[in-house]
Amino acid sequence: MSEAWQAVEELERTELKALFDADPERVGRLSVAEAGIRFDFSKTHLDAAALRAFVRLAEAQDLAGRRDALFSGQVVNPSEGRAAEHSAERGQGAPESVQRARGFHSRMRALIDAIEAEAFGPIRHILHVGIGGSALGPDFVVDALGRGENMRYDTAIVSNVDGAALEEAVRGFDPETTLLVIASKTFTTTETMLNARSALAWMGEAGVSDPYGRVIALTASPEKAVAFGVDETRILPFSETVGGRYSLWSSIGFPAALALGWEAFETLLEGAAAMDRHFRLAPPERNAPLLAAFVDRYYANVAGAETRAVFAYDERLRLLPPYLQQLEMESNGKSVRLDGGEVGRASAAITWGGVGTDAQHAVFQLLHQGTHLVPVEFVASVEPGHALDPEHHRQLLVNCFAQGAALMAGRGGDDPHRFYPGGRPSTTILLDRVDPATLGALIAFYEHRTFANAVLLGINPFDQFGVELGKEMAKAMDGAGAPDFDPSTLALMARAFGDEGEE
Ligand code: F6P
């Protein structure tokens with residue numbers, strides 16, 4: 001174990017409330033305001049000693065060097081021999097990569113202009129099929145920002161291979177005025193290809209004369225899209241060096257750019273770029289993604305928390321938790337380091353969460369009185385997203401802030417059933433408003449926090465071999481020949497598929 005890690009793991013467990021008495025400047029010291037977002041880490045166990053230990057760890061793990069490598073387009077994903085150039089999509093990266101991304105964006109914009117000019121006839125609906133990173137980012141952004149008159153097209157994002165998802169999505173869509181967007185970096189993903197074929201069949205059966213003429217493909221494998229039957233002029237490529245769960249900023253963001261308008265998409269990129277600059281330039285003690293990673297490591301590696309919970313206190317951000325689940329767990333849910341050695345300590349926490357205030361009436365019992373330590377993250381916006389009685393928003397924020405205060409303060413007393421231990425940590429992320437710039441900055445904050453966690457742990461956040469075995473076994477189960485599966489699996493197959501398995 002490195003000395004720097006040892007110093008972190010030996011940090012004393014301090015009493016959360018006492019930290020405020022010990023340091024009257026604590027809130028200011030542990031709050032960062034950047035790109036329209038205030039990050040308050042003061043209700044966590046980070047104190048001066050912990051900060052010193054983590055800053056030393058960041059130095060020992062060469063955070064600055066790894067960050068430079070990330071932004072300069074060097075290979076930071078060695079198991080796949082690739083750079084990770086999502087920040088080049090927002091203008092922050094190696095000049096040639098930024099240039100290439102701009103070229104791809106120009107194609108995207110030209111296609112959007114053509115759609116708006118009715119080159120495909122009148123389009124009312126966007127049916128986007130994709131999964132994982134090819135769905136979660138666009139879905140989150142469209143859902144967050146595409147409300148009311150901001151939503152220019154009826155948009156459905158379908159990921160699940162369950163036909164019920166597609167069937168439900170197109171209910172009420174007119175096939176004649178639907179644009180089919182197929183999003184897949186590899187253009188081989190089973191779920192997406194099947195959904196794409198079924199969507200084309202739905203159009204064909206409804207009498208659309210040239211369903212393939214209504215297809216837009218978003219992919220880093222344009223040749224596969226051509227082989228699928230998509231005309232080259234309607235393929236929006238992006239670079240192989242943009243990872244799936246980091247691809248919102250590339251052509252994968254097309255449904256967001258189309259549904260919300262190009263200006264909104266560009267502003268989303270600018271917001272993300274502001275966070276890129278902050279992550280690159282701010283000193284560690286004032287660097288929001290890095291401080292958040294310190295908090296994550298403290299709870300996972302010092303306090304032994306196995307999960308972290310994120311609650312969006314804003315209806316527009318309701319898809320933040322599932323978005324983060326992929327970003328954080330697919331990136332850092334790993335047991336080996338970059339060099340193939342064991343990580344030897346807890347890596348990514350299990351990310352879970354929901355929306356406030358609903359979650360208060362469901363899972364918060366465990367957070368306040370349960371036996372697990374769960375660091376909580378509250379995400380809210382100062383400005384409301386509706387024109388109803390301001391009392392709604394006031395209640396939303398009052399509840400959000402009160403929960404954080406209650407988790408920390410606790411309440412004593414003689415009745416064990418009504419006793420709250422307190423001392424439970426939380427972070428609050430308060431957006432000025434939910435708009436394209438702030439949302440872009442928020443998502444980039446999470447990307448960089450994930451990267452910073454990976455650097456501290458010494459792992460590669462940009463590959464995802466853990467998802468391959470299950471895919472391969474599904475293919476094997478689907479294939480011909482005697483399946484080589486365990487008796488339990490064979491019995492399930494027999495029950496579901498008849499004589500294909502053995503009982
Ligand atoms: O199975 C995991 C994964 O590879 C994700 O990393 C990715 O975002 C998703 O599948 C979809 O992949 P694609 O964009 O190639 O269809």
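Start at 1 and go down the list; that is how both ligands and their atoms are numbered.
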Derivation and outcome, side-chain contact (heavy atoms from CB on, under 4.5 Å), residues Phe39 and Phe445:
CA-CA 10 Å; Phe39 302 88; Phe445 157 78; 3.5 Å; yes

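- Protein heavy atom in closest approach to atom 4 (O) of ligand 1: Lys471 NZ, 3.7 Å.
- Polar contact with ligand 1: absent for Thr192 (N/O pair, distance under 3.5 Å).
- Listed by number with element, the atoms of ligand 1 under 4.0 Å from a non-hydrogen atom of Ser184 are 13 (P), 14 (O), 15 (O), 16 (O).
- In this structure, Arg308 fails the cation-pi test against Tyr299, since its NZ or CZ atom is not both closer than 6.0 Å to the six-membered ring centre and inside 45 degrees of the ring normal.
- Between Arg90 and Asp276 a salt bridge is recorded (basic side-chain N to carboxylate O distance below 4.0 Å).
- Ligand 1 has no nitrogen or oxygen under 3.5 angstrom from a nitrogen or oxygen of Ala183.
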Derivation and outcome, side-chain hydrogen bond (donor to acceptor under 3.5 Å, both in side chains), residues Gln92 and Ser87
CA-CA 5 Å; Gln92 308 294 306; Ser87 59; over 6 Å; no

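- Protein heavy atom in closest approach to atom 9 (C) of ligand 1: Ile131 O, 3.6 Å.
- Among protein heavy atoms, atom 8 (O) of ligand 1 sits closest to Gly133 N, 2.7 Å.
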Do Gln74 and Ser72 pass the side-chain hydrogen bond (donor to acceptor under 3.5 Å, both in side chains) test, and can you show the C-alpha distance, the side-chain angles, and the key distance before you say yes or no?
CA-CA 6 Å; Gln74 292 173 43; Ser72 60; 3.0 Å; yes

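- If you look at Thr186 next to ligand 1, the close heavy atoms, those under 4.0 Å, come from the backbone and the side chain alike.
- With ligand atoms numbered from 1 in the order given, ligand 1 contributes 1 (O), 2 (C) to contacts under 4.0 Å with heavy atoms of Val467.
- Between Leu291 and the options Val32, Thr44, Asp296, a side-chain contact (heavy atoms from CB on, under 4.5 Å) holds for only Val32.
- In summary, Arg147 and Glu315 do not engage in a salt bridge, as defined by a charged side-chain N under 4.0 Å from a carboxylate O.
- Thr189 OG1, 3.5 Å is the protein heavy atom nearest to atom 12 (O) of ligand 1.
- Taking 4.0 Å as the cut-off, Gln326 counts as a neighbour of ligand 1 on heavy-atom distance.
- The closest protein non-hydrogen atom to atom 6 (O) of ligand 1 is Glu330 OE1, 2.7 Å.
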Using the rule given for side-chain hydrogen bond (donor to acceptor under 3.5 Å, both in side chains), can you reason through Asn332 versus Asn453, listing the C-alpha separation, both sets of side-chain angles and the distance that settles it, and then say yes or no?
CA-CA 8 Å; Asn332 289 341; Asn453 267 292; 5.5 Å; no

